Every structure is written in C-alpha cells, then in structure tokens.
Q: 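First the structure, which I've put down as structure tokens, then a few questions once you've had a look.
For the numbers below, each heavy atom of this structure counts, side chains included, while hydrogens, waters and symmetry mates do not. What you are looking at is a predicted structure, and each value in this text was computed from that prediction instead of being measured. Just follow the structure's listing: the first ligand is 1, and inside any ligand the first atom is 1.
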Amino acid sequence: MATMHMSVNAEDLSQLPKGGERIPDPGVLVIFGASGDLTKRKLMPALFHLYQADLLPKQFAIVGVARRPLGEAFAQEMRQGIIEFDGVSPDDPKLAAFVSQIGYFALNFDDPTHYDALKAELNRIAQEKDLGPDRLYYLATAPEFFSGIIENLGAHGMAKPDDGRSAVVIEKPFGHDLESARHLNRGVNAVFDENQVFRIDHYLGKETVQNLLVFRFANGIFEPIWSRNYIDHVQITVAETLGVEGRGPFYEKAGALRDVVQNHMMELLALVALEPPSSFEAESVRREKLKVWQAIPPIPILNAVRGQYGPGMVSGQHVVGYRDEERVNPESGTETYAALRLSIDNWRWAGVPFYLRAGKRMRKRATEINIVFKQPPLLIFNRISAACSCGQIQPNLLTIRIQPDEGIALRFGAKVPSSPQMAVCPVNMDFDYESAFGKSTANGYERLLLDVLLDDQTLFSHRDGVETSWALYTPILEAWASKTPDAFPNYFAGSWGPDCADRLLEKDGRTWRNDLGRK
Ligand code: BG6
C-alpha cells in the first residue's frame, strides 16, 4: 500500500510551547513503596525530566518510604535508576543536584506507631529547606497497603494540613472488583476530599492518548463524521509481546481484563467516544467520560472471550507458556488475553460495535485504535478493482497508533496510475509523531506528576468513573471465575490470540485488523 508522509513545517515547530508556565509551589513529595520498580524506572526519571525542564519548584524534597532500612543508599539507587532506565549521563550537571533532594524514611506501612515519626521527619525536612506545609503522598505500594496508609495519614493529622495543601496519588489496581473498589473509595473519601485524590492511569500520561482529544476537538473536519452515520465499527487493541516479566503472583490474581481492559482500555474508549467537553477542565472532561461509560449496557457473557498463551516464538525467541512462568500455578485459569464486543447506547453510537482486545505474548507490540468507516452507498469501481491486484475496494480507515511508532494514518482509495479501467488501490496519509516533533524521551509520568503538583485532576479518574467501569466488568469476572476454562492454553505465544476472539468478529461479518503498526 502506498503511503504519503505528513510533517509540520519549521515555523509551526518554533511556535511550540517550551514548557509549562506555571511552576508548582514548594512542598514535600512522599513516595510510599519507594523501593519498588515503579519508583526507580518511571517516577524518578520523570521527576528528573521535570527538574531538567525547570518545572519543579525551586525548593522541593522527595522522600522515599518503604520497609527496608535503606538510608542514604536509597538516593544512590535512584541515581542509578535514572542513569540506567533513562540513559542520563552520570556526569549530567543537574543529576547530582536533583539526587541531593532525595531522602528516605523506613516505615512499616501497617504500624500506626511509625506515622508520628514520619510526620516529624517531614516537618523537619520542610523546615530545614523552607518548603512550607504542602505534602503530596504517592502510593506506589502493593494495593493491599492502600487503605492502611490512608487511614494512618488521616489518624495522624497528615491528610489535611491546617494551612497547606495535601493530596494523595493512588496507583492501579484500584480495587479488584466493584465491591473492593467501593470499599477503597469509602476509605479514601473518609480521609481525603475527592478533590485531593488523584487515581492515576499511566495511559492518560501518553502524548498520543492526550492527542486524541486534540485530534477530535481542535480540528473541524473529523467531528461531523464521528458517529454512527459514518462509522461502521471501532477496534481497540493493546497487544504486548512481553509476558508477565516475573510478576507471576500479581498477574495470577489480576489477568488481562483487570490489568489492562478495565482501566487503560476504558480510558481509550472514553476518549474516542465522548461528546465534546465544554472546556479542557477536570469537571467537564470527567463528566463526559462518565457519560460514555454509563451508556454501555451490560456485556453479554457470550461477547467476552478469554485466552491464555502456551509456548511459542516471540520476536524470533522461543518462550515458555504462561503456566510455566515463574511462580505461576501450572494449572492456572488466569487469562492473559481478553476480547470483547460492547456497545454505547446513545444517539451518537447506537448500533456501532466497539471491539476491544488485550493480550500478552502477542505477535507484535501495538496499542492502536482503528476506526473503520462505512463504505459509500454504491461502489461504482468495485467490479474493476476486484478484478485487478488491489482486490475489493477497502473501507476508509483511520488508525491512531498510541505506541510504538506513534502517529495517525488515514487510508483511502486512489486510482492506480495508468490504469485505463479506474482500478482503485488503498493508500495511506500518515502523520508520524517522531518525524514531525522529534523523539520524545518522556515516559508519560512527567505530565501526570506535574498535574498532581499543579493540582489539576483532568487526567485522573474520579471515583464514579472507577466504580462504573468495575460495575461493567465484575459480572464477567465472576462468570469467568466460576468456571476454569478447559481449553487453556488456547493460543500460541507469538500469535494474534485465540480462535474464539476471531469468531467474536466473524459472527458480525468482520475481522480483526492484524496489520498493526506503521504501514
Ligand atoms: C500496566 C500493566 O498497567 O500496563 C502491565 O500492569 C502492562 O501488565 C502495562 O504491561 C502496559 O503499559 P504500556 O505503557 O507498556 O503499554
């Protein structure tokens, strides 16, 4: 298929903002569970990017909190993480200054007697560095500690400082079903007001995900055709080549539906389907997202299928099946793949199926949204085209590549040159982020952390949104839990998933788009 590449011109680039104008107020950022991978691989590199771009306050402190007595070794470990996972040079002039702001406090999350000492230590640091009363608590621990930490912060007067701001950032998974999410929400809101709570979904930190809103609402030409009148169906795929990467015990309890579909994919779905918000502000955007989720009727169990990978070849390497992964039950019934068909019962989308699929150990890594448009009412060139090498005329297709090869492509039919018979071949107009804007080193957490520091909740989930999503998926999870699938494993590592997922579309006369990635 032929492709035209799109780029922005140099003058447009010079207009790009060089960074946020607002700088957060001084304060202390406390990371609970700081000895885990997330802090070293994602949070610290992202904070360092903000520091490099002069987007952190002039005075700040980051305090890691975890059980092990790490002391000063913690800051050095974080320095190593920034070098290793972010490719920063050890001699970077800003690295030493950044690392000197990192401290550590050893604490047993569940032990209420440790919190007074933590509070005193945070106050001491704040006084020494003149940081004022603001405190941000980032919960990067295993989820079973969330409630206890929040309760202790409340009980020790750390959640609502008299003359400052405090906020809590909560990592996923936010609950494991509707009941647990409600329970957690009740606990959180007993201590923090909703406007202090930042439920993080790292997908919303991705540039391409944010660009969905810009694409739809900063351009006049797409919105008029963004509806059941022109769109046949939508496919959203989150395909990973990775397996469970040593996270067996976590994944055994999670599975693909909880791990990726209920949160990341629901966010993507909402941004594709929402009505134009009246402003890019937290309340407006979150209200419109919620309306989309509330318009999804219960998903019939027959429209949800699951899979688990067996051994196979991924990127030329032989890999073991899920049941042979480290610390995984050899008879596990956990799904590493989930696919479903859902609908959105509102005026814009009635009758348009949305197909979602997420899987580990798939043929290719690709997170992509494909909007398949309806064919013209009369295909006057089809007979000629079908007879030539291009085959049947293809419907228009808008592909939004979230990762990798971030970009947007539009497929349309073009006349094959020198064909006297008007043969039509599909071609692509392709916008590629990297060639237009250069390679980004951001990992997505920069934007989200900056928003937390600036007290902007637009890109964070509201309690109602989280509960609505769990309400949709809990019946499926319960139905799946009640019966271990006897056909597992049902797809080879390195394939496009189980046959039952193909049948889900075949019964509607459609097929999954497996030519994912840059054309
Ligand atoms: C995480 C899941 O939330 O998202 C992982 O727990 C998954 O299992 C990851 O691999 C995917 O994120 P990304 O940014 O690599 O697409």
Q: Looking at the rings of Y337 and Y491, which for Trp means the six-membered one, are their centres under 6.0 Å apart?
A: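 Yes, the ring of Y337 comes within the 6.0 Å limit of the ring of Y491, centre to centre.
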Q: Can you check whether R365 has an N/O within less than 3.5 Å of an N/O in ligand 1?
A: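 No, R365 has no N/O under 3.5 Å of an N/O on ligand 1.
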Q: Can you sort out which atoms of ligand 1 are near K172, meaning under 4.0 Å from one of its heavy atoms?
A: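 In order of numbering, the contacting atoms are 1 (C), 2 (C), 3 (O), 6 (O).
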Q: Say whether Q403, considering both its backbone and side-chain N or O atoms, lies within less than 3.5 Å of an N or O atom on ligand 1.
A: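 N/O-N/O distance under 3.5 Å: yes.
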Q: Of the options L271, L268, V260, which is the one that meets Y203 in a side-chain contact (heavy atoms from CB on, under 4.5 Å)?
A: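 Running side-chain contact (heavy atoms from CB on, under 4.5 Å) over L271, L268, V260 with Y203 returns exactly one hit, L268.
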Q: Mind telling me whether Y104 and F74 have parallel, tilted or perpendicular rings, with 30° and 60° as the class edges?
A: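 If you compare the ring of F74 with that of Y104, the planes turn out tilted.
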Q: Quick one: does H202 get within less than 4.0 Å of ligand 1, heavy atoms only?
A: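 Distance cut 4.0 Å: H202 passes for ligand 1.
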Q: Under a heavy-atom criterion of less than 4.0 Å, does Y251 contact ligand 1?
A: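 Per 4.0 Å heavy-atom rule, Y251 does not contact ligand 1.
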Q: So which protein heavy atom does atom 6 (O) of ligand 1 come closest to, and at what separation?
A: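 Looking only at protein heavy atoms, the one closest to atom 6 (O) of ligand 1 is D259 OD1, 2.6 Å.
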Q: Determine, using ring centers only, whether Y309 and F492 are less than 6.0 Å apart.
A: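 That pair fails the under 6.0 Å test.
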Q: Let's go through R365 and E240 carefully: what are the C-alpha distance in whole Å and the side-chain angles of both, what is the deciding distance for salt bridge (charged side-chain N to carboxylate O under 4.0 Å, His left out) to 0.1 Å, and is it a yes or a no?
A: CA-CA 5 Å; R365 174 174 177 244; E240 298 182 77; over 6 Å; no
Q: Should you measure from each heavy atom of H264, which atoms of ligand 1 turn up under 4.0 Å away?
A: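 The list of qualifying atoms is 1 (C), 3 (O), 4 (O).
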Q: Honestly, is K94 close enough over Y51, meaning NZ or CZ under 6.0 Å from the six-membered ring centre and within 45° of the axis?
A: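 Ring-cation test returns yes.
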Q: Considering only protein heavy atoms, which is closest to atom 5 (C) of ligand 1, and at what distance to one decimal place?
A: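 The protein heavy atom lying closest is R247 NH2, 3.1 Å.
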Q: Tell me which protein heavy atom sits closest to atom 14 (O) of ligand 1, plus the residue, atom name and distance to 0.1 Å.
A: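 So the nearest neighbour among protein heavy atoms is K206 NZ, 2.6 Å.
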Q: Give the residue, atom name and distance (to 0.1 Å) of the protein heavy atom nearest atom 11 (C) of ligand 1.
A: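 For atom 11 (C) of ligand 1, the nearest protein heavy atom comes out as E240 OE1, 3.9 Å.
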Q: Touching ligand 1 at all, T367? Heavy atoms, strictly under 4.0 Å?
A: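 Outside the 4.0 Å threshold, so no.
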Q: Going by the side-chain hydrogen bond (donor to acceptor under 3.5 Å, both in side chains) test, name the single residue among N303, D508, T237, N370 that passes it with Y355.
A: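 Looking at N303, D508, T237, N370, the match for Y355 under the side-chain hydrogen bond (donor to acceptor under 3.5 Å, both in side chains) is D508.
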